[in-house]
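Order of the sequence lines fixes the chain letters, A, B, ..., with proteins taken first and strands second; residue numbering starts at 1 for each chain.
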Amino acid sequence: MQDCTFFTRKEILRLHGRYHELAPHLVPMDYTNDPECKLPLALIVNMPELKENPFRNRIVESFSEDGMGNLSFNEFVDMFSVLSEMAPRELKAIYAFKIYDFNVDNYLCKEDLEKTLNKLTKEELTPEEVELVCEKSIEEADLDGDNKLSFADFENMITRAPDFLSTFHIRI
Amino acid sequence: MPPKKKSHAAVEVDDVGMEVDAVSEDDSEEEARRKTKNRRAKAQRKPKRVSDDEEEEEEEDEAPKRKARKKKRKPQDSDEEEDEEDNRSVKSKSSKASRKKAAKEESDEESEDDKKKKKNGGKAVSKKGKEEQNDKKKGNAKGSGGKNKGGEKDKKKKNGNSSSSSDDDEESMSEGEMAALKEEVEEKKKLIATLRNKPWRMQRRLIQLKEAQEFVEKFEGALGKGKGRKWYAYKVMMTKKLIKFKRDFENFKTACIPWERKIKEVESHFGSSVASYFIFLRWMYGLNLVLFGFMFGLVVLPEILMGLPYGSLPRKTVPREEQATAMDYAVLFDFNGYCKYSFLFYGFYNSDRMIGVLKFRLPLSYLLVGVGIFGYSLMVVIRTMARNANEGGDGAEEGQFTFSWKMFTSWDYLIGNPETADNKYASITTSFKESIVDEQENQKDENIHLRRFLRVLANFLILCSLGGSGFLIYFVVKRSQDFAERDNDELSWFEKNEVEFVMSLLGLVCPPLFETIAELEDYHPRIALKWQLGRIFALFLGNLYTFLFALFDEVTAKLEKEKSIKNETIWALNAYYANYSSFYNTTDVPPPDVHPADVIRGPCWETGVGIEFVKLIVSDMQVTYLTILIGDFVRAVIVRFLNYCWCWDLEAGFPSYGEFDISGNVLGLIFNQGMIWMGAFYAPGLVGLNVLRLLTSMYYQCWAVMSCNVPHERVFKASRSNNFYMGLLLLVLFLSLLPVVYTIMTLPPSFDCGPFSGQEKMYDVVMETIENDLPSFIGNIFTYATNPGLIMPAVLLMVLAIYYLNAVSKGYQQANLDLKRKMQMARDEEKNRRNNKDSTNQVMKDLEALLPNKSLIPPPTEEDELEVPDVVVEKSSKSPKIKPGAVANGKGVNLQKEVSLAASNPRGPVTRAPGPRGGNARGPQPGPEKGRGRSAR
């Protein structure tokens, strides 16, 4: 498990503690029988680390296997591992892409950008401004000219962003 | 945690296996070998040898890493440590033996054949291992004891199997095999190290990890061991510590920056332009703090501690006629009375060459500090400007992805505090608005000719008004000089205060006028701000000019008066001496015994100037604070609460809330600083006063901005380097330097007050020190240095240096431009290439794999379980050739390849279950730090 994540054994144990805390009646403390247990989105989203994040639902959804936001412990650890400081830029980029990909079609299209923007600004920009910003960002980052951002576009853009690494991480 | 639990079980199994090792011998394996003997020739012999050697070296490198990993683990699983040690020792022995053998039996042909055999055996075992793994998983999952046992049996068998074969192999393992094995192990290790970087589902990763680990565990023991592991472990530990320390230190450093939070808050609501004012204010505060340190530490404190106390000298005593009112509040508030004769002002300081036990040369120190303040400020301002210019220069990538970056990287995922989150929302919105304004400015396409005409017109108008106000000031000052010659009584109140009146009127009318005219120009608000700043600066210069003019008039008047008083005192003294000597008929005359308060004294023009400056600063402070209080706070209160009962909408309509006046505040700050620089020489206490002022205004203005101002209509981004402010500051610094240096160099100091009393000129102190206190050769050097013959070449040299540096900088600029162009070209090229080639295929596939799977079963697992056995059989013989790049591709087919690789050589000399070192094989990159606290930004 350690090799799959960026955590030490201690940290994983601590994470498990947190996971357990979220729903003490659901999560067993020992895994000898390897019970199937998943926590629903609503519980995880209420963690203090995620509570204020405008993309919390998307984060949890993109790390859950069923896309509905139910996380098993493995996925839970995976999530914080990717969001940890040690994760490399490429890995983070991939998951960031997934997080911003609201309609899960592996492209960031205009609707995705609009949703992102509205979440970022709490819908305080006028529709025209939103329109302008979305158009501009697609124009900036779109390399192949299909009016939506593929992962290649996104990666190309994000790897040059100066503060992507410093902002896209959660300490737990 | 399933893997961990399993690992414990595995340890036991392992131990058992080790014991069984020596005894058991697998017959079927032997048979298989015999069958396949002699099937292969020694064709590939030689090339492999070379590679082998290389591999060994690599292995040496790798080994310490492994050890390091182990070290890392140690504290965590001390219970497993013993087992590990045992295994290790056994392993190392056997591996050494095997290596030796391998080296010795170079010519052994059988080895080649062995390889083949092993492959076959490997196939079998790999399948077995695979099954066993699955078994184990199931066993653990369902807790069915029987299956688990079966797994253990399997395990034992396998252990026995492989170890026995390893015993055999010790004679027969060839370099080729070794190399291949090593490569595989390397690869697996690499896989383990990079596994965490793979964007796979956890389940898939776990499975991969287990396979890889199992393989590595099995075979790595057979390969090399290196020395210096301890040292490596130590190094790794130290780097980790260092990184942690660096981060802590970084945090500490940011925590030490004062008002960072406050400014960030303002910035998030009002944009970076308003924040730039506060940052400037903070910078100014820092500068003043240092100046205050100089002034206080080198001048004020020594005089207070070591100098003569109050009342001992005429200059330190309030004169008799003023004593009655000296404590009155009104008097003190005008900085007369006790204030005037305190350490706040120039006159208080004594002219003794040395004071106290330390023989502190106060006059010298006073002069040097007075000049040093300018030197230091100049240095700091220029250095800051240079640094800002550097920062502004490297923005090559700037502007390429402004919006995308804002969109995708502006949210800080660390934020966990509702208030911070609100601020962040506000700041993101503002920054988007800023960028939108910039963008709109770019998009605007308009009638250039009309625009140009309007701009010329606007500049013309503004020049006219500037010229008009300049003339007005000049006229008024001239008139006031005329008035000054007339008698005070026949002047009306207006005529007396004409200058001040006109000045404040201009200050009130002109800035809004300029702003209105600037609307014509339709600049981007950022540029408009600069123009506005420049224009108001020009206006304020008039202010400065009149002030200095008035001051110099006063000084000359005082100098005249002083001269007469000086003559008077000398005359009086002479008369006293004459009387005394004639009366007592003696030549040694004691000095006249007059109480210091009664001594006739000169006007002490330096103190006068100092008082003027202090008064100016204080009144300026009052005006600023009152303006904020009335113009912003009261207005906001009225607008807010009268809005309920008013005929029109006050908030949206006429008075509205105030906007933060950046240009006015910045200029106020700059001119205030100019006053400080000028006045600090005459009033050492002024710097301290200014520090207080900046401190209060920081809090006060922050509060005012947050509570009663509204953001600008067009929030705009401040330019990254606020060099414009700095440039203005530099100009003011230079302007304020002039009068001070002029007074130091030309005007005679007062004869009876201040540290330079008794000198012809103030700089005589320096001369005196050079002559008296320093060895004579330094004096000589000084004389030579001040020789015109030496100064001229020096100036010439400097001019040449400036010319040279200028040329160099131009060259660099050119090079910069070229590089930028090249980068642009490279970027375009890359764009094209990307369009043509689908280079990110693999990643895309990964992404597809990451799409939510409704059936909840991870596809990779299925693949493994179903397809692997067949493929392995087919591919196992040629597996070593496919290896390179297997990790890099890392999906689908490769996955199967890796499985086959894992199984290709089952006869590792040592057998170990995969479990106990579950987390051992960590990558070389620094592991996650422990005890990292969460932090909300």
Side chain to side chain contact (heavy atoms under 4.5 Å, CB included) assessment of Thr121(A) paired with Tyr425(B): CA-CA 5 Å; Thr121(A) 58; Tyr425(B) 283 124; over 6 Å; no

CD1 on Ile436(B) to CD on Glu128(A), rounded to 0.5 Å: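 If I round to the nearest 0.5 Å, the distance is 10.0 Å.
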
Gap separating the CG atom of Leu117(A) from the OG1 atom of Thr429(B), nearest 0.5 angstrom: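 Here the rounded value is 8.5 Å.
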
Need one label for [X]: side chain, backbone, both or neither, based on atoms under 4.5 Å from any heavy atom in chain B.
{"X": "Leu120(A)", "result": "both"}
{"X": "Leu50(A)", "result": "neither"}
{"X": "Tyr100(A)", "result": "side chain"}
{"X": "Ile138(A)", "result": "neither"}
{"X": "Lys92(A)", "result": "neither"}

Chain A contact via Phe408(B) - side chain, backbone, both or neither, heavy atoms under 4.5 Å: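 Contact with chain A is through both the backbone and side chain of Phe408(B).
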
